[in-house]
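Below you'll find the structure, written out as structure tokens, and then a few comments.
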Amino acid sequence: MARMNMIEAIRSTLAYQLQKDDDVLIFGEDVGYFGGVFRCTDGLQETYGLKRCFDTPISEGGIIGVAIGMAAAGLRPVVEIQFSDYIYPAYDQIASEAARLRYRSNGDFTAPLTIRTPVGGGIYGGETHSQSPEALFTHICGIKSVIPSNPYDAKGLLNTAIETNDPVMFFEPKRLYNGPFDGDPDKPAMSWDSSELGEVPDEEYRIPLGEARTIREGNAITILAYGTMVWVAEAAVRSHGIDAEIIDLRSLIPLDMKTISASVEKTGRCVVVHEATRTSGFGAELAALVQEHCFYSLEAPVQRVTGWDTPYPHALEWHYFPGQARVAAALEQVLEAA
Amino acid sequence: MARMNMIEAIRSTLAYQLQKDDDVLIFGEDVGYFGGVFRCTDGLQETYGLKRCFDTPISEGGIIGVAIGMAAAGLRPVVEIQFSDYIYPAYDQIASEAARLRYRSNGDFTAPLTIRTPVGGGIYGGETHSQSPEALFTHICGIKSVIPSNPYDAKGLLNTAIETNDPVMFFEPKRLYNGPFDGDPDKPAMSWDSSELGEVPDEEYRIPLGEARTIREGNAITILAYGTMVWVAEAAVRSHGIDAEIIDLRSLIPLDMKTISASVEKTGRCVVVHEATRTSGFGAELAALVQEHCFYSLEAPVQRVTGWDTPYPHALEWHYFPGQARVAAALEQVLEAA
Amino acid sequence: MTKDESDTNSDLYIPEPLHRPGDTPDFSHIHVRRNDNLEQPDVLVDSYETERHAGGLIRVMDMQGVASGPWLPQVTPDILRKGLRAMLLTRLMDDRMFAMQRQGKLSFYLKSRGEEAVSVAQTLAIRKTDMVFPTYRQQGVLIARDYPMKRMMCQCLSNAGDSSLGRQMPTMYSSREYGFFSISGNLGTQFIQSVGWAMASAYKRRDDLAMAYIGDGSTAEGDFHYALNFASTYRAPVVLNIVNNQWAISSFQGIAGGQSKTFASRGLGYGLASLRVDGNDFLAVYAVTRWAAERARRGGGATVIEHYTYRAEGHSSSDDPSKYRPNEEASAWPYGDPIERLKQHLIVIGEWDDARHNALVDDLSTYVRDTYKEAEALGSIAAGTGIDPKTMFEGVYEHMTPTLDEQARVSGVGTWRE
Amino acid sequence: MTKDESDTNSDLYIPEPLHRPGDTPDFSHIHVRRNDNLEQPDVLVDSYETERHAGGLIRVMDMQGVASGPWLPQVTPDILRKGLRAMLLTRLMDDRMFAMQRQGKLSFYLKSRGEEAVSVAQTLAIRKTDMVFPTYRQQGVLIARDYPMKRMMCQCLSNAGDSSLGRQMPTMYSSREYGFFSISGNLGTQFIQSVGWAMASAYKRRDDLAMAYIGDGSTAEGDFHYALNFASTYRAPVVLNIVNNQWAISSFQGIAGGQSKTFASRGLGYGLASLRVDGNDFLAVYAVTRWAAERARRGGGATVIEHYTYRAEGHSSSDDPSKYRPNEEASAWPYGDPIERLKQHLIVIGEWDDARHNALVDDLSTYVRDTYKEAEALGSIAAGTGIDPKTMFEGVYEHMTPTLDEQARVSGVGTWRE
Ligand SMILES: Cc1ncc(C[n+]2csc(CCOP(=O)(O)OP(=O)(O)O)c2C)c(N)n1
Ligand SMILES: Cc1ncc(C[n+]2csc(CCOP(=O)(O)OP(=O)(O)O)c2C)c(N)n1
Ligand SMILES: [Mg+2]
Ligand SMILES: [Mg+2]
């Protein structure tokens with residue numbers, strides 16, 4: 001069993017898929033010879049050849065359009081959008097085409113493609129290297145949305161995503177690439193060596209899409225989180241000694257409503273945490289669902305801790321980022337509410 | 001005071017704005033000589049000249065990109081996207097550029113433009129002439145989202161939208177262009193002559209963005225709706241004799257939370273209705289907000305009546321459309337819940 | 001900073017079409033020549049040597065039906081008769097369905113009158129294993145490939161015989177079996193997808209190519225640029241067809257084309273072989289398509305073909321073209337009608353006559369009428385489609401999800417849970 | 001359908017650059033000529049007559065600094081010295097800021113080494129009232145327009161002196177006053193916006209034009225296509241500059257350019273005048289810019305200019321170019337360094353000498369160092385920016401909204417309500 005960071009977990013999974021299935025092709029901006037700006041495809045071109053892992057023009061719409069055509073023709077493209085902030089030029093191809101091809105053709109054509117893209121802030125990337133656009137995809141039926149919070153899950157979920165016959169958005173929290181991150185930028189960076197979830201078995205395994213992971217059990221309150229915020233929430237809970245149950249959603253669509261409901265019915269309180277802009281973020285859907293499903297168990301309103309309704313600022317990024325203090329404050333508020 | 005349908009109300013407002021302000025330019029696909037596929041710009045080119053109202057290439061990204069440049073240069077472009085289903089190629093220009101120009105330049109440059117686009121189904125338009133993508137814009141800070149449900153409001157809101165110094169999405173429920181629509185496709189079409197809200201004063205007036213309209217007062221339950229669904233809800237309430245308060249939001253961003261809270265605090269129950277796909281629709285935000293603000297007044301969970309999580313189908317569109325029966329069923333369920 | 005008018009040349013320019021309602025159409029600036037002296041180059045020629053072909057107009061038939069010149073294709077009279085038949089059938093079906101739309105049986109319809117040679121000749125010039133990425137105006141492809149017309153009609157009627165379960169608007173066909181990619185209502189999107197298909201074909205070392213279509217108006221979308229660019233970068237075996245039928249709903253081709261000479265010439269800047277062809281000349285369309293297909297199959301990469309033609313009717317059943325162009329413009333179009341011209345050519349070469357033609361038209365009319373009756377018997381938007389509402393919830397994903405299952409249950413159509 | 005390899009020519013082609021790490025850079029296929037015999041046409045010439053200019057390379061100076069030929073611009077030695085000074089200042093500031101980034105004072109930096117002639121010569125060739133739509137590599141524009149360097153540095157330091165309140169990453173300047181449009185992190189988007197600006201200028205009958213930039217790699221975005229197309233359709237007074245510096249992060253220009261001959265030649269297909277220029281030749285860049293600006297101002301519409309140059313350093317402070325290209329490639333670039341070449345030219349015409357040059361460099365270095373110190377005194381990401389957190393909630397809309405006010409309150413920075 002190897003300790004890996006998330007980049008290595010992703011890279012080794014991509015390598016396995018290339019190895020296993022000739023129909024898997026990897027492409028995107030700078031992913032070929034160079035191996036990607038975050039190094040997730042480093043060495044793949046060298047090992048598997050120019051045609052299996054190659055560079056594309058800077059044309060996100062073109063990348064996804066080409067991937068759809070390939071997927072319809074029987075290949076299984078895995079593409080990278082360099083930063084999720086740059087996915088919008090491809091939005092039409094994703095929302096109008098990839099997501100609906102199966103439906104509109106009644107299964108005559110399908111688009112089994114995986115779109116990998118880094119999300120989240122905390123790297124002083126400013127408004128165009130920090131966004132978390134997942135809610136723009138969860139609103140689009142026909143596409144799945146996945147977001148791992150650790151190397152172990154990254155491998156299991158990515159294997160499943162690539163082998164799934166539906167298009168999958170695979171969001172990679174870039175702040176977690178090299179280690180867990182608890183939201184404190186002043187602490188020295190941690191590595192995945194320090195975490196159990198950095199242990200990535202050599203054998204191939206799959207994690208089904210739609211199964212959440214309970215990161216921590218607790219009875220007083222349920223925290224729904226995903227990506228980087230799982231670790232921030234965990235640290236907030238730990239440092240404040242709160243008896244919280246933390247659920248790492250892992251997959252937003254499909255969503256593991258069963259696990260969520262069971263937890264909230266147990267705790268009677270719920271806080272939703274994400275990094276994206278608050279209004280119409282995925283937290284809104286979670287809050288709506290939780291109160292629909294668990295209204296009579298709820299002792300306090302579901303609260304959201306999120307990024308603000310501003311662009312992600314550069315200098316003030318730690319004022320934007322929903323850190324431990326904000327999570328803890330919300331937890332306490334919800335715990336005190338009666 | 002003239003009776004007008006919504007097309008006439010929009011057209012006369014555009015004419016007024018062209019007349020009043022040389023900096024207002026109107027453009028989009030087929031809006032020039034032809035006057036728009038829904039006739040909203042009919043005659044404007046003839047009256048105000050080729051340069052004030054003109055055709056563009058079929059390039060939604062280009063249309064918005066050009067509009068941003070013009071707006072930054074001091075003009076006040078009012079563009080039409082022929083169907084909101086076709087707005088995605090412009091998504092990057094709207095979300096990354098128009099919405100953020102003021103912020104990122106600290107007010108050095110701004111983008112006061114209005115994007116008019118028809119939304120909603122009920123015209124057998126299938127998956128690409130029926131969508132309601134408002135939630136994809138409410139998640140983007142820096143842009144406002146407006147949706148009138150009648151000719152009177154259309155005029156007042158459009159005047160404000162055009163004169164606002166922020167970019168505004170102006171969604172036009174196409175099913176309401178020619179008359180109110182209560183969700184029953186088998187009934188003969190109604191005209192706006194039959195409705196008070198078809199009375200459009202000749203003088204120019206403005207309706208502030210962020211003020212909802214209470215369409216009907218009631219004590220038993222609050223219905224939050226906008227666009228076509230205001231009329232469907234109204235009909236459902238009327239035919240089922242329910243003592244509901246119906247709030248027509250009119251503007252989604254900014255949102256009139258005051259009116260919403262006051263109503264739900266009074267009624268203790270709330271149903272949210274929209275035509276868009278359910279998951280991560282604007283109804284999620286509304287449900288989340290209502291339970292955040294009014295939790296202790298709520299006697300039952302906030303329910304959502306929405307389009308299903310499928311593409312808008314052609315043949316089965318009346319199975320997709322959230323009609324009176326579905327609204328009524330939800331109302332009854334929420335009224336019965338204890 | 002605003003100056004006196006006299007002081008500046010600056011002014012916003014808005015292009016306008018030649019004719020508007022009330023004008024008498026005048027195409028006398030178009031000089032119809034037999035051909036532009038455009039030789040047929042080797043299929044692997046450097047793309048830059050197609051410059052004159054991109055700016056000129058490749059033609060084979062003159063207006064009297066006499067065929068000649070370097071692009072004269074080798075094609076048997078049987079194939080030409082098959083083409084004539086498919087074009088006629090396309091037009092007759094269009095007419096029938098449009099009439100039925102007017103009677104309220106269909107929600108919408110869209111004809112291809114005047115452009116039948118493009119889809120039919122091209123289809124006969126490629127292989128059945130080549131995948132076509134059509135727009136909504138290439139119904140001729142399915143007809144030329146002998147797709148069952150009843151199925152087309154059932155699609156348009158959104159009835160129980162529609163293999164896509166009434167999910168799409170009329171005319172938005174899909175058939176993998178017949179090499180016809182699912183049509184998208186979003187203009188342009190399929191153009192770049194076709195390049196991906198072609199790249200997959202090359203990667204799999206298959207000989208199949210992709211055949212993509214886009215309208216003159218839709219070339220303004222980003223997808224057009226993506227397609228030409230990716231096709232050039234990866235030398236994809238694809239034929240990128242621009243159908244320049246002069247109109248995009250109410251906008252004349254100069255709105256999308258701007259000051260550029262031809263749409264075909266756009267291809268040159270991307271390093272793609274680029275040809276411009278008289279789209280109403282069946283033989284010329286056939287010839288350029290053979291050339292482009294062979295180029296692609298032999299590793300020469302993509303070709304851009306502009307089909308210079310004319311949309312002889314309204315945009316669709318929702319349109320009223322008399323609002324923005326003179327009604328007489330269609331008949332004034334100097335390149336005539338593709339069906340008439342092929343018929344004339346067949347007569348000129350002694351392979352056809354009026355009597356056979358009329359008999360064929362009668363036959364096909366009967367066939368269309370009878371087939372329509374059979375199709376309508378399976379339902380329509382007007383009379384009830386017979387489509388099971390439960391199907392609405394299926395096929396969003398490969399497998400039913402709990403969320404959709406629950407929504408189906410709420411809607412009253414049942415559940416997939418046991 | 002898959003065939004034997006022997007049976008098909010079909011295969012997926014992936015282009016590759018000339019050199020990779022370990023290779024010895026060899027540009028001997030590039031024949032550096034004094035000029036390509038490209039005459040300077042009338043500014044209102046039909047765009048099609050610029051075909052040779054789009055395929056060739058307009059040059060004025062040879063590698064010894066001797067200037068000649070039809071594009072020799074009328075320009076005083078004073079302006080040339082101003083250009084030399086601005087280029088030097090740009091480079092010195094770049095070096096300083098990059099070093100400071102390495103010391104952790106800045107989160108990021110991005111140099112323009114090797115490309116200084118493009119921004120500086122162009123700026124001197126247009127008017128101050130012309131609006132520039134830059135990419136992140138046109139810092140030379142601000143410097144040539146005498147924008148206060150301290151303000152630039154404060155922007156990069158995200159400190160209290162940053163007029164954009166630290167909202168953007170370093171180098172993402174904005175200044176309406178200096179005709180410098182707010183830089184977007186999203187590649188390409190500003191290219192079409194510049195056309196809108198130009199259309200507004202024409203509509204207002206102003207003489208001001210828009211000056212837009214895009215990188216070779218970014219031409220693959222849809223916005224590039226939109227810009228050329230709209231500029232053509234509405235004859236917008238805009239200059240559309242493609243800075244072909246051979247690299248887009250790690251991708252060589254053939255990834256975006258495919259099999260096309262030149263980026264400039266893309267413009268021809270849109271009916272735009274298109275010129276390709278030695279981007280390291282200050283005089284040539286100046287000359288083509290004058291030509292394009294005059295064309296635009298006289299109602300001739302847009303010009304596409306490809307600046308053929310070389311990105312002499314890494315993409316940015318986050319990049320390590322030795323991972324994907326030989327370190328020696330920059331110095332092997334056959335068109336030399338723009339600063340050295342202009343210096344040489346000034347010496348050749350007797351308007352400059354080494355002593356003056358060295359004195360100037362010393363002066364400017366001191367100025368940059370002192371200015372940086374002043375700027376850093378106002379704060380930095382490392383030492384604290386001094387930016388009021390409350391400002392984070394402002395300027396999303398013109399007026400504060402209740403939602404943002406509430407969020408600010410929750411965040412602890414206060415409220416705007418009385
Ligand atoms: C992305 C998008 N924008 C707008 C439309 C609306 N629309 C449908 S057809 C059409 C005109 C297309 O013209 P052209 O490309 O020339 O094709 P033609 O109809 O002439 O065959 C327009 C604007 C659409 N379907 N998709
Ligand atoms: C839409 C978008 N996609 C991707 C990126 C990431 N990115 C930043 S710079 C760059 C390379 C740009 O190359 P080029 O256009 O040649 O400009 P240069 O850096 O050479 O000046 C990339 C891919 C981005 N900023 N925006
Ligand atoms: Mg057309
Ligand atoms: Mg570059």
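Keep in mind it's a predicted model, so treat the numbers as computed, not measured. Residue numbers start from 1 in every chain, and the chains themselves are labelled A, B, ... in the order their sequence lines are given, proteins ahead of strands.
With contacts defined as side-chain heavy-atom distances shorter than 4.5 Å, the pair B:Trp308/A:Cys141 does not qualify. B:Gln291 places none of its side-chain heavy atoms less than 4.5 Å from the side chain of A:Val290.
Interface remark: A:Glu60 contributes no atoms to any contact with chain B (heavy atom separation under 4.5 Å). Interface remark: A:Ala90 contributes no atoms to any contact with chain B (heavy atom separation under 4.5 Å). Proximity to chain A is limited to the side chain of B:Gln131, based on heavy atoms less than 4.5 angstrom apart. Contact of A:Tyr296 with chain B is made through the side chain alone, with heavy-atom distances under 4.5 Å. For A:Glu134, no part lies near chain B; criterion is any non-hydrogen pair under 4.5 Å. A:Ala99 does not touch chain B: none of its heavy atoms, backbone or side chain, sits under 4.5 Å away.
To the nearest 0.5 Å, atom CD1 of residue A:Ile253 and atom CG of residue B:Asp309 are 7.0 Å apart. The CG atom of B:Leu289 sits 5.0 Å away from the CZ atom of A:Arg304 when rounded to the nearest 0.5 Å. Distance OG1/A:Thr279 to CD1/B:Ile140: 11.0 Å, rounded to 0.5 Å. Note: A:Ser280 OG to B:Leu252 CG = 8.5 Å, rounded to the nearest 0.5 Å. Of the inter-residue distances, the one linking A:Arg100 atom CZ with B:Glu127 atom CD reads 4.5 Å to the nearest 0.5 angstrom.
Using a cutoff of 4.0 Å between basic side-chain nitrogens and carboxylate oxygens, A:Arg278 and B:Glu285 are not scored as salt-bridged.
For the set B:Ala300, B:Ser96, B:Gly283, the count of heavy-atom pairs under 4.5 angstrom toward chain A peaks at B:Ala300. Between chain B and the options A:Arg104, A:His139, A:His314, heavy-atom pairs under 4.5 Å are most frequent for A:His139. Here B:Leu298 is the residue among B:Leu286, B:Leu298, B:Asp85, B:Thr128 with the most heavy-atom pairs under 4.5 Å with chain A. Counting heavy-atom pairs under 4.5 Å between each of A:Ala284, A:Ala276, A:Ala135, A:Pro89 and chain B puts A:Ala284 at the top. Among A:Val302, A:Ile87, A:Thr277, the residue with the largest count of heavy-atom pairs under 4.5 Å with chain B is A:Val302.
Minimum heavy-atom separation, B:Ala287 to A:Ala288: CB-CB, 3.7 Å.
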Test side-chain contact (heavy atoms from CB on, under 4.5 Å) applied to A:Thr310 and B:Tyr103, step by step: CA-CA 8 Å; A:Thr310 73; B:Tyr103 191 80; 4.0 Å; yes

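Between A:Phe295 and B:Phe295, the ring planes lie tilted relative to each other; the angle falls in the 30° to 60° range.
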